Protein chains: 2
Amino acid sequence: MQSLSSSCSRNGLAVKSSLIEPDGGALVDLVVPESKRGVKISEAEALPKVKLTKIDLEWVHVVSEGWASPLKGFMRENEYLQSLHFNCLRMENGSLVNMSLPIVLAIDDEVKENIGGSGSVALVGPDGDLVAILSSIEIYKHNKEERIARTWGTTAPGLPYVEEVITPAGNWLIGGDLVVLKPIKYNDGLDHYRLSPQQLRKEFDRRQADAVFAFQLRNPVHNGHALLMNDTRRRLLEMGYKNPILLLHPLGGFTKADDVPLDVRMEQHSKVLEDGVLDPETTIVSIFPSPMHYAGPTEVQWHAKARINAGANFYIVGRDPAGMGHPTEKRDLYDPDHGKKVLSMAPGLEKLNILPFRVAAYDTVAKKMAFFDPSRAKDFLFISGTKMRTYARTGENPPDGFMCPGGWEVLVKYYESLQAEDSTLKQTVPA
Amino acid sequence: MQSLSSSCSRNGLAVKSSLIEPDGGALVDLVVPESKRGVKISEAEALPKVKLTKIDLEWVHVVSEGWASPLKGFMRENEYLQSLHFNCLRMENGSLVNMSLPIVLAIDDEVKENIGGSGSVALVGPDGDLVAILSSIEIYKHNKEERIARTWGTTAPGLPYVEEVITPAGNWLIGGDLVVLKPIKYNDGLDHYRLSPQQLRKEFDRRQADAVFAFQLRNPVHNGHALLMNDTRRRLLEMGYKNPILLLHPLGGFTKADDVPLDVRMEQHSKVLEDGVLDPETTIVSIFPSPMHYAGPTEVQWHAKARINAGANFYIVGRDPAGMGHPTEKRDLYDPDHGKKVLSMAPGLEKLNILPFRVAAYDTVAKKMAFFDPSRAKDFLFISGTKMRTYARTGENPPDGFMCPGGWEVLVKYYESLQAEDSTLKQTVPA
């Protein structure tokens, strides 16, 4: 057990909590100080421009706040190759930090030509606003096939991130040091949920947490999740921690089309806390701004690593994390056990406590979500995401005790709105 | 610079040279001592049998002699996953050793069923002879698509090792501890070239080498290679080494159909030494028994790592090591510079001195192989493997000074024999 303390570096950029050190020792913060903003904006205006997609901007956000510490910008080729081949980066002192996903920015031939010999470029948001400067740039080939094969372990067509991001992208990658002109905001009514790693670390300190356990999710919270989180808290108390805090940390970036959208999920999560399924006193709900790759064992390392930087020293991992069905075959893309196995062996994650969880399912006898008991397997009902969506879409209620009523209502409303939209669309299409 | 010394462990299994420690600290030697052979053979006879292919047997050979130290058998799932995702294995003391290729044994459903609950199996060679015992076995799924994608960075059809080994293999992998009943021999007249890592280390000690530089190859040696090897020796002498020894180390296992076969290459290499292109006094020619994957940056790590175990502390790496053309696109499968970049950053290879080499080409002015000088690029002629084979096949002589005459003659004879075979075949096929 570790005692609570915190220290701030003199330049104010690095915030440390003694629970767990950020990767590389200090949290990266790439937002230009207010006093220098004007100068930097003028500088950016004079540079060749690179237009960002919505998802590029999500990565700018992620990197600028230090979720990917010690990464200080989009990857240059040396970092890209290490990430692709080793899922980790070697630091100057010889130590390794985990980095399983390539965090890269693609450009096409035309943009490359326009950059010419310039050593820096300005990054322009999807709405045309100046967002950031990338300096000491390096441009190198974007071998999409190799990137996809090594990241996903398949090149089958139909991977959501590949179709959305990689296939339409240019054949070059541009790496460099990032400086962001002002904090990235989305103005979607959810920005107050978007706490940076620095803000989260401060909040953990303020609450005098002596353990922080992170739960990554991109789905509505059902009572099985809640059971698991509450059980984890119980185990941490048993281990002697006095004040374990849950970081309920839904992913806020790109997700595939049939996932529940962020705003609906945030409303659902609020209800779960309102209904008392999770204790607001010991829970922090915040948005993890990363886009989703659906890259299973490779991606779960990123999910865990980013939470180290946010100050969590425990990470809960379940069945088939960041997984999905194989896009062209009738099977899971990844072995459901590989995620936690790979996570537990990943270079650079040694300092994080990995908590693999037992499977929860609906106990039809006790009429509640419970840890699966193989000795009476037939009493348990597994309610998959697909099944849950079918319930919500058809207006059928899930079994009592599957999800708190307030949370369920949010989902039903969402799927009703989808169907309304759908029928409106059908009506407007001429027969 | 390191001084020469050697130490033998008390049990006689581990041989150390102070030039470089084997991975894991001690060289693995899995050949059963003569005194216990009878007992082990009886034991093997009673076990469920697993039939090996020719290439499986090459891996048994590789593992049994400690080229893959600290690996003590075919990989279990934990080792397989680490190899696939991280290209390295974590040791019990937390240190990492490089292990970029999965060294695995595949079995099909029928063999798996036949093994049943047995904790050990006997491995049977392609000729039906008992070869080895695999104990404390673990059987796990062989996800071929994922293995191929993560190892080669492509799943395109036409990868030689995939077509020869993986596609026809079973859907299960069996890992466990290996014991080999007697040293693996091929009886092809080349076994005297097959020095084990232990034998090589002894030979380096006997020659009082204070530096050993390994050159991996699967092609005939031309004068560009020789220039490079001699230049490396010169550089090592300049660095203060007194007795650098070259390990000329042709790969002896599976190669693709259009590569020059091992026996022809060995004859060619002999001529190169006879003709004085390389100095026999400071060169050891030996066969590296591994099969070839043609997996570029992933495989070159294996090639280097195995040479650490053989006692080489310098490794020469060139353009596009272990690379080949993309099987379905008109381009190199790998970026020609990625091999040396990845090698220089690979976890577990820090103790090995990587020597990237400059490109040699035929200097049409000086009429010899020389280091490429970009300032007079037009004077240089690049003679690819394909071009060399075309010369040899058509009976045309390559430019003077490309290869020593004795070595060239070996190749011409080989390609003549191929054509004779070809025309014999054509004659026997009814029109």
Side-chain angles (χ1 to χ4, degrees), chain A residues 76-90 94-96 98 100 140-157 159 295-301 326-329 331-350, chain B residues 76-90 94-96 98 100 140-157 159 295-301 326-329 331-350:
Chain A
R76 297 192 182 86
E77 193 176 37
N78 273 354
E79 292 158 332
Y80 172 70
L81 288 174
Q82 289 181 77
S83 169
L84 215 54
H85 286 273
F86 314 129
N87 288 5
C88 60
L89 303 180
R90 185 190 305 280
S95 68
L96 297 175
N98 192 267
S100 60
Y140 55 102
K141 275 184 226 140
H142 187 193
N143 184 331
K144 297 179 186 183
E145 182 193 45
E146 184 176 14
R147 176 180 172 196
I148 295 163
R150 295 196 193 278
T151 303
W152 280 271
T154 178
T155 58
L159 298 167
T298 300
E299 185 168 27
V300 70
Q301 298 171 64
H326 192 288
T328 59
E329 298 172 24
R331 60 171 176 95
D332 286 334
L333 178 51
Y334 304 106
D335 183 314
D337 290 327
H338 279 186
K340 60 170 165 275
K341 286 182 185 170
V342 166
L343 191 60
S344 70
M345 300 186 290
L349 296 183
E350 301 81 2
Chain B
R76 298 191 182 87
E77 193 177 38
N78 273 354
E79 292 158 332
Y80 171 71
L81 288 174
Q82 289 181 76
S83 169
L84 215 54
H85 286 273
F86 313 129
N87 288 4
C88 59
L89 302 180
R90 185 190 305 279
S95 68
L96 297 175
N98 192 267
S100 61
Y140 55 102
K141 275 184 226 140
H142 187 192
N143 184 330
K144 297 179 187 183
E145 181 193 46
E146 184 176 14
R147 176 180 172 196
I148 295 163
R150 295 197 193 277
T151 303
W152 279 272
T154 177
T155 57
L159 298 167
T298 300
E299 184 167 27
V300 70
Q301 298 171 65
H326 192 288
T328 59
E329 298 172 24
R331 60 170 176 95
D332 286 333
L333 177 51
Y334 304 106
D335 183 314
D337 290 327
H338 280 185
K340 60 171 165 274
K341 286 181 185 170
V342 167
L343 191 61
S344 70
M345 300 186 289
L349 296 183
E350 300 81 2

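This is a predicted model, so every value here is computed, not measured. Worth knowing before you read on, the calculation uses all heavy atoms, side chains too, and leaves out hydrogens, waters and symmetry mates. Just so we're on the same page: letters track the sequence lines, and every chain starts at 1.
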> Could you give the distance from CD (Glu350(A)) to CE (Met345(A)), rounded to the nearest 0.5 Å?
Replying inline: 12.0 Å
> Of all of Lys341(A), Gln82(A), Glu145(A), Lys141(A), which one pairs up most often with chain B through heavy atoms under 4.5 Å apart?
Replying inline: Glu145(A)
>> Heavy-atom cut-off 4.5 Å, strictly under: side chain, backbone, both or neither for Asn87(A) against chain B?
In response: both
> Between Leu96(A), Asn78(A), Asp335(A), Leu84(A), which residue shows the highest count of heavy-atom pairs closer than 4.5 Å to chain B?
Replying inline: Asn78(A)
>> So, taking the atom named NZ in Lys144(B) and the one named CD in Glu146(B), what distance separates them when rounded to the nearest 0.5 Å?
In response: 14.5 Å
> Is a side-chain N or O of Tyr80(A) found less than 3.5 angstrom from the main chain of Tyr140(A), in a donor-acceptor match?
Replying inline: no
> chain B: which of Arg147(A), His85(A), Glu77(A) shares the most heavy-atom pairs with it under 4.5 Å?
Replying inline: His85(A)
> Using non-hydrogen atoms only, which part of Thr151(A) is less than 4.5 Å away from chain B: side chain, backbone, both, or neither?
Replying inline: backbone
>> Any side-chain to backbone donor/acceptor pair from Thr298(A) onto Ser100(A)? Under 3.5 Å, distance only.
In response: no
> So, does His326(A) use its side chain to make a donor-acceptor pair with the main chain of Thr328(A) at under 3.5 Å?
Replying inline: yes
>> Counting only non-hydrogen atoms closer than 4.5 Å, does Arg90(A) touch chain B with its backbone (N, CA, C, O), its side chain (CB onward), both, or neither?
In response: side chain
